[in-house]
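Structure first, commentary second.
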Amino acid sequence: MSKTCDITHPVQSFKFDAIALVESPYQEKFAIPRQPNLVSAAKGRVVLIGDANNSELVRDIEQFSHLWLLFIFHGTQAQGWKPLVRPPRLGGNVKTGVLATRSTFRPNPIGMSVVKLDKVTTIKKQTILHISGLDLLNGTPIVDIKPYVPYSDAIVDADAGFAQQQPEAGLSVVFSNKAQADLKQYNQHDSELALLIEQVLRQDPRPAYKQGKADDKVYGMSLYDLNIQWQLTALDSVLVLNITKSSN
Ligand code: SAH
């Protein structure tokens with residue numbers, strides 16, 4: 001009888017070192033978009049580390065406009081995983097098999113995101129991939145990087161069940177006079193700061209069960225070293241109240 005798999009000597013356990021760390025404007029999980037490429041104004045850096053910090057590893061990578069980043073959900077890893085999760089796309093109260101979702105609470109906390117590669121730099125022996133459209137927490141450890149290959153990776157007629165369509169990014173975003181003055185002060189961080197805030201808030205970062213419901217709570221989110229306060233003024237409209245330096 002032919003054997004396809006030698007189950008008496010299975011290789012079931014692996015140890016990997018991170019090859020890079022991500023620098024991202026997103027300092028906390030709250031308000032990170034739920035997938036990459038929803039917020040194109042989010043710019044980040046993939047900083048190669050250790051033996052992988054060698055420009056030879058990324059020679060010719062700039063031929064590719066987009067990359068797959070395979071990473072560890074380090075921010076939620078300690079919370080473990082569950083066989084059933086409640087995806088935000090189903091309103092946050094219907095349970096689905098974890099492997100049928102992109103939830104962070106998976107048996108192995110591995111994430112994958114396609115991001116845009118803007119450029120590669122090597123300065124003073126430090127190689128950095130400059131990326132945009134990321135959905136990653138600051139400090140995310142990267143375990144692999146691969147080019148995105150459209151002829152194979154993009155299946156335009158694929159069925160995606162409850163996640164077929166991009167979520168409706170319905171909210172309109174208005175900056176108060178105070179927030180506009182604050183923006184002028186902090187714009188040196190990123191000339192696209194206003195666009196970043198607008199794109200993040202358009203996605204409605206509130207928990208899924210609050211979506212489409214009236215809400216007078218003042219929310220705070222952190223981008224870079226800034227704290228941004230905002231509030232819903234109507235079901236489909238957000239007012240940015242103010243922008244301040246984070247205290248920590
Ligand atoms: N594109 C990835 C991630 C989808 S889940 C994938 O499909 O595997 C997206 C959520 O991951 C974001 O909303 C953010 O809250 C969370 N996230 C991003 N980086 C993380 C990290 N390092 N640790 C824990 N959660 C993270």
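Counting starts at 1 for both ligands and their atoms, following the listed order.
Between Leu134 and the options Pro36, Pro33, Ser113, Ser24, a side chain to side chain contact (heavy atoms under 4.5 Å, CB included) holds for only Ser24. Partner of Lys245 under the side chain to side chain contact (heavy atoms under 4.5 Å, CB included) criterion, out of Asp225, Asp182, Asn227: Asp225 alone.
Taking a 4.5 Å side-chain heavy-atom cut-off between Ile, Leu, Val, Met, Phe, Trp and Tyr, the cluster of Val218 extends to Val174, Leu239, Leu241.
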Which N/O atoms of ligand 1 sit under 3.5 Å from a protein N/O, and at what distances?
residue: ligand 1; atom: 1 (N); partner: Gln35; partner atom: OE1; Å: 2.9
residue: ligand 1; atom: 1 (N); partner: Met112; partner atom: O; Å: 2.9
residue: ligand 1; atom: 1 (N); partner: Ser113; partner atom: OG; Å: 2.9
residue: ligand 1; atom: 1 (N); partner: Asp135; partner atom: OD2; Å: 2.9
residue: ligand 1; atom: 7 (O); partner: Arg102; partner atom: NE; Å: 2.7
residue: ligand 1; atom: 7 (O); partner: Arg102; partner atom: NH2; Å: 3.1
residue: ligand 1; atom: 7 (O); partner: Met112; partner atom: O; Å: 3.4
residue: ligand 1; atom: 8 (O); partner: Met112; partner atom: N; Å: 2.9
residue: ligand 1; atom: 8 (O); partner: Met112; partner atom: O; Å: 3.4
residue: ligand 1; atom: 13 (O); partner: Ile32; partner atom: O; Å: 3.3
residue: ligand 1; atom: 13 (O); partner: Pro33; partner atom: O; Å: 3.2
residue: ligand 1; atom: 19 (N); partner: Leu137; partner atom: N; Å: 3.1
residue: ligand 1; atom: 22 (N); partner: His74; partner atom: ND1; Å: 2.8
residue: ligand 1; atom: 22 (N); partner: Thr140; partner atom: OG1; Å: 2.8
residue: ligand 1; atom: 23 (N); partner: His74; partner atom: N; Å: 3.4
residue: ligand 1; atom: 23 (N); partner: Gly75; partner atom: N; Å: 2.9

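Ring geometry for Phe16 against Phe14 counts as parallel: the plane angle stays under 30°, on a 0 to 90° scale with 60° as the upper cut. Taking the six-membered ring for Trp and thresholds of 30 and 60 degrees, Tyr148 and Trp68 have ring planes inclined between 30 and 60 degrees apart.
The neighbour count for Lys178 NZ, taken as heavy atoms of other residues, nucleotides or ligands under 6.0 Å away, is above 12.
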